[in-house]
Amino acid sequence: MVTLNIDRRPVDVPAGTTLLVAARRLGIAIPTLCFRDGLEHVTSCMLCVVEDVRTGCLHPACSTPVQDGMDIATASGTVLEARRTALELLLGDHLGDCEGPCARACAAGMNIPAMLRAIRDGDLREAIRVVKRHIALPAALGRICPAPCEKACRRGTHDAPVAICRLKRFVADADLASPDPYLPERLESSGFRVAVVGAGPAGLSAACALARDGHACTVFEKGDRPGGGLRAPELSDTLPSAVLNAEIAQIARLGMTFETGVEIGVTCSLHDLKQRFDAIILAWGASASSLLDPLGLESGPHGITANWRTHRTGDPVIFACGNAVVPGRLAVRAVAQGQAAALAVGQMLRGEAVVGTRHRYNHRLSAALTPDELAAFMTGTAPGPRTEPADHATGGYSTDEAPGEAARCLHCDCRKPEACQLRRYADDYGVNPRGWKPAHRRPVEIVRHGNTVYEPGKCIACGICVRIANAAREPLGLTFIGRGFTVRIGVPFHESLEKGLSQVAAACVEACPTGALAHDR
Amino acid sequence: MSTPNIQLADPVRAEDLDRILDETGRNSAAVIAVLQGIQARYRYLPEAALRYVCDHSEITPAAIVGVSTFYTQFRHTPAGRHTVSVCVGTACHVKGASGILAALRRHLKLADGADTDADRRFTLREVNCLGCCTLAPVVQVDSVIYGYATPETVGNILQDFLNRGGGQDSRGASSDPSPGPSVGDIRVGMGSCCVASGASEIEAALHDRVSALRLPVRIQRVGCLGLCYEEPVIEVAAHGRPSRLYTRVKPEDIPAILTAHFPPPSRWTRLRHAAGHWVEQLYTDAAWTGAHCAGMDARDPQIAPYLDPQVPIATEGCGQLDPLSLSDYCGAHGFEGFQAALRLRPEDVVRQIADSGLRGRGGGGYPTGRKWGEVAREVNDVKYVVCNGDEGDPGAFMDRMLLESFPYRIIEGMLIAGYAVGATQGVLYIRAEYPLAIRRVSAALDACRAAGWLGPHILGSDFSFELTIMTGAGAFVCGEETALIASIEGKRGMPRMRPPYPSQCGLHGRPTLVNNTETFALISWILRHGPAAFAAIGSARSRGTKVFALAGKVRRGGLIEVPMGMTIRRVIDDIGGGIADGRRLKAVQIGGPSGGCIPERLADTPIDYEALVEAGAMMGSGGLVALDDADCMVEIARFFLAFTQHESCGKCTFCRIGTTRMLDILERLCGGTGKPSDLDELERLASVVKRGSLCGLGKSAPNPVLTTLRYFREEYEAHAGGVCPAGQCKALISYQITDDCIGCTRCAQQCPVGAIPPTPYERHAINPETCVRCDGCRTACPAGAVVVMSGNRIVKHGYAKH
């Protein structure tokens, strides 16, 4: 038996045990990408490095056998920096977006590609679920949003962007018209009470999110009915009252209280609200801020002073969002902020650190797609130009039309955004996506066969798939081709992926630590 | 001139492939030998041939594709009839290899991205390194080596090759000595450099003249003398008289040399010979001034400083022994070390090596005796001894010389090692780029087997030992011991994590001793003279001698063996004769791409493992390249990093991607798009690559960058500001013609791209858009009117002036 210290804790293990396994005995998880239990270590990714405190050397934990008296640090500053650099080097070379550029352009971060796939596949229930995760008022926004997402759409460089906005409207309308419109799950009642001041898009969105989070929510609206800026006369043609009413009614079914005709500062004061509620979200739009003085809240040239990420004001239980903070014309931005403020409120109420929305690491493919790359993405998508709804009167897609338009999506988002270990560790180590970018990137390639998709540009050359194919004695399998920086993995003799992975395709997809090997959707 | 319709490729035939497989065997470890056989037959690897091999052997498609794409020797597309290899090693690089490449591309009219001309006659490639550094720049066409190439002479080189119609060194072993007593010996150095300098022609001229005169003189081929800067060299030793050396010999010098030493036997022959010679001189311009060719001995001031400080141990007998003559070797104490070892117990042999203080000469400097002890202690009925002859450092050619000139000494060293550690099998792993070494070692092995030095029960003892040769396939990383072992096992040459060390688990999982060629070359002497004698030479931490390949801008370059601890300055000035062409020493690159640049002000650093590491460099395998003030240190760092980046096996993140990103930064700096923040980024990345890489290649790749940053930071800063102070980096310099122009049009005539319109009697001007910065005009201008500008100042003056 060998005795050593890991993070100043002693552990006894049999000789020949690796530092990785020894650390596991102590409940210390060391990150790995190229290591897989059951396969021999190859010492490739170097993510698992740990520091030998006595010598200052870095050792890859998956391949280093323990030695008596070793003193190992698994999370020293040197180790963290080395791991971050390894990740940045890997990502500097990485060709792909974690999330679609459309989703990143959307202020609310809606998972647009997922919605489009659901529409394409005729699964409207799934589509509305995806939409309502981030957008509380899709029927309204689907009629008035200027669609920044479409300007970012890569399909637009080929012929025209996918009609994302109208398709979202289609989903929302179909849901509202259905016998059993979608109601998201709500958490158990938290016992907390939150006041939302203003029933415009920001306030409604906040109320939605609070209700889903299990908090008792009361929305105060000075007008006679909820809607706020969405009721503006200039919008009445594009956004009919009936639609807005139906949408707000559906929101109300989440279980919130509306008090219309109540003007804070007149009917009751902010101070009163503070007594009755555990938290307040000010979403009252652009207006005079003399109401703030008694509470000592600051206001700037545009509106209430609030932290841009957490939406918290100087008062720890008062949050502000939407036009009340900075006037704007994008309803989707107000919707996004309402949800973000509600999230921060939830953190505060549960006693967690109030940090606002946690944005996951997102990698972006640099530079526009070349014609060849575009052609690679186009394979498997509908080739035709953008279709407009036949029904010009209402301007919405029919159930027959929508899937065809949704099928024009290039699906340039990653197929494994949740399973990807590279993304997970990029989150953990705070990686800068622009860390080590080359002057010119390699071309994106997409190799498809059957249900399996291989993108060499996302491969980190860990060789797990090669080893799995080899262990399964695949006649062709996969192999390393070339050497050094230009090494890549492929099927021998340029045979197809199907022939190469005749038995182990699923196993390789599951084991691949990035989005390089994935199943098609 | 029309060329015959050359077929793209011969059709693949099963009989050829079966023959190859019968020779190499059909197990998976034979894959590299199989691929070499196929490529030798078809000049590339046809896919049909590879598929056939997979169907008729244990080799899998994944293995054959993985291995054949890893090693640079292998081609997957048809090649031209002949291969033109331009050496881009360090010495050739500093002497202008890139200009040679560009000139060849122009001459062969190669399209962008193409490597073969339209007639499919010549395929052009870069090669690292041919090991003929003192003849830099070097071009090899098939197996014929041409030294001192210039952009203007590339056409002549190709024409000369086509005129020859055969190889350069096509003879076998030395011709038999003439029957009866001889009156003396003439020794001709026949290492690769010697041959490239024309030694074969000298040897042929000697044979012709000696047989014409019927002189009973023995003409002997010997290994490298180390006097590479004076090649071709012959040594004439008439019996009873001191021997004399002749340098830079030309075939027309031979008659006079012979007459001076060996008067023809009969008076009548002398008269006839003298008359013939007089008549010859009447009709030819063969006036022999003799000034450069006067016979000299080792005390002569022209070569004494070069030879005096040297202590030949690995190179003992240099210039005296026919490399392939077993009797020569045994006559010079050959195999006495082995016999001495057999009289000791194996553990005592190990102790002797340990006591000698010998450290691995491949660069790592690990105590050899300790390594032998580790292998000896392992209990296993199969152990291996491996000679690492994969000398890949550009600018290093010591091991090539040792293998070509002293093959028996290496074999003897391996025999002693085998006996000491308990191994009965060994492998000599030799680079593919050293064909002469492979031929010589192979012949030496045959001779040893025939004489009983190899095989079962050697000298009637219990010790049996057999050796085989494995040819490398073009991968510098295979110099790393675990990668070398993987290569012998028929895999991609990827290093493995250590521990376990090869001493415990090496070739085929068995205990394996891996030592460098030079290390083995020192063993016999230690056993003969005892460890104390070896330890008495050198310095306290670094005992014994080291062979260095001295090249670059020195006057006298070649192979030298000196005691450890000698200072760099002494090597450069005393032995190397200082810097040529009146320039100043700027830095010395030690240790090749793993090493570093020691600036001139630290030239009194002793050459010793630890002292060099403290200075930021590394002993490395022995390359010593002198750099003068015309060399750009940023460009040198870029050059070495480009090498290691290209040779990275690609396994670990820090080396594979880290060296590439470092190279990006250096190329930006040399290319004129660098910025000041690049320096800190480069340094940060360099230190993490050094710490985090898996093997020695990655761990040492940043060394040239780190040392040049440390000692020449101001040059980096200048580059970040768009200036190259040494006037080298093409993107940062421009060529201009000053008022000193006399209008002679020589520059315009010389310009290979027509960038200078000829304007007789008027000041000429260079078109900066067309100029390729080949430096041709500056060297051609008789008035010194062409200068190199960088950032609005002159960084290189006219050639005639300096």
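So that the names make sense, note that chain A is the first sequence line, chain B the second, and so on, each numbered from 1.
Ion pairing of A:Asp93 with A:Arg442 is present here, as a side-chain N (NZ or NE/NH1/NH2) and a carboxylate O approach within less than 4.0 Å.
Put simply, of A:Ile481, A:Val487, A:Val42, the one with the most heavy-atom pairs under 4.5 Å next to chain B is A:Ile481. Of the residues considered (B:Cys652, B:Pro495, B:Cys54, B:Ser68), B:Cys652 shows the highest number of contacts with chain A, using heavy-atom pairs under 4.5 Å. Counting heavy-atom pairs closer than 4.5 Å to chain B, the top-ranked of the candidates A:Pro438, A:Ala461, A:Gly477 is A:Pro438. The candidate with the highest count of non-hydrogen atom pairs below 4.5 Å against chain A, out of B:Leu685, B:Val688, B:Thr659, is B:Leu685. Of the listed residues B:Met497, B:Glu681, B:Arg661, B:Lys651, the one with more heavy-atom pairs under 4.5 angstrom with chain A than any other is B:Arg661.
Counting only N and O atoms by type, the side chains of A:Arg84 and A:Tyr429 include no donor and acceptor under 3.5 Å apart. Side-chain contact, A:Thr514 with A:Gln421: no donor N or O sits under 3.5 Å from an acceptor N or O. No donor-acceptor contact under 3.5 angstrom links the side chains of A:His59 and A:Thr64, judged on distance only. Side-chain contact check for B:Ser594 and B:Asn703: no donor-acceptor pair (N or O, by modelled atom type) lies under 3.5 Å. Looking only at atom types and distance, the side chain of B:Glu489 has no donor-acceptor partner in the side chain of B:Ser487 under 3.5 Å away.
If you measure heavy-atom distances from B:Thr673 to chain A, you find no contacts under 4.5 Å at all. Within the 4.5 angstrom heavy-atom criterion, only side-chain atoms of B:Arg684, from C-beta onward, approach chain A. Looking at A:Leu478, the atoms closer than 4.5 Å to chain B (heavy atoms on both sides) all sit in the backbone: N, CA, C or O. In this structure, the portions of B:Glu647 lying under 4.5 Å from any heavy atom of chain A include both its backbone and its side chain. Contacts between A:Pro65 and chain B at a heavy-atom distance below 4.5 Å involve the side chain alone, from C-beta outward. Using a 4.5 Å cut-off between heavy atoms, B:Leu50 touches chain A through backbone and side chain atoms alike. At a 4.5 Å heavy-atom cutoff, B:Thr60 makes no contact with chain A through either its backbone or its side chain. With a 4.5 angstrom heavy-atom cutoff, A:Glu495 touches chain B only via side-chain atoms. Heavy atoms of B:Leu663 lying under 4.5 Å from chain A are absent altogether. Neither the backbone nor the side chain of B:Arg496 has a heavy atom closer than 4.5 Å to any heavy atom of chain A. A:Thr486 does not touch chain B: none of its heavy atoms, backbone or side chain, sits under 4.5 Å away.
Shown here for A:Val66 and A:Ala22, the closest heavy-atom pair between the two residues is CG1-CB, 4.0 Å. Shortest non-hydrogen contact noted between B:Phe74 and B:Gln36 is CE2-N, 3.7 Å.
Atom CZ of A:Arg364 is surrounded by 12 or fewer heavy atoms from other residues, nucleotides or ligands within 6.0 Å. When the shell of 6.0 Å around NZ of A:Lys499 is examined, it contains 12 or fewer heavy atoms from other residues, nucleotides or ligands.
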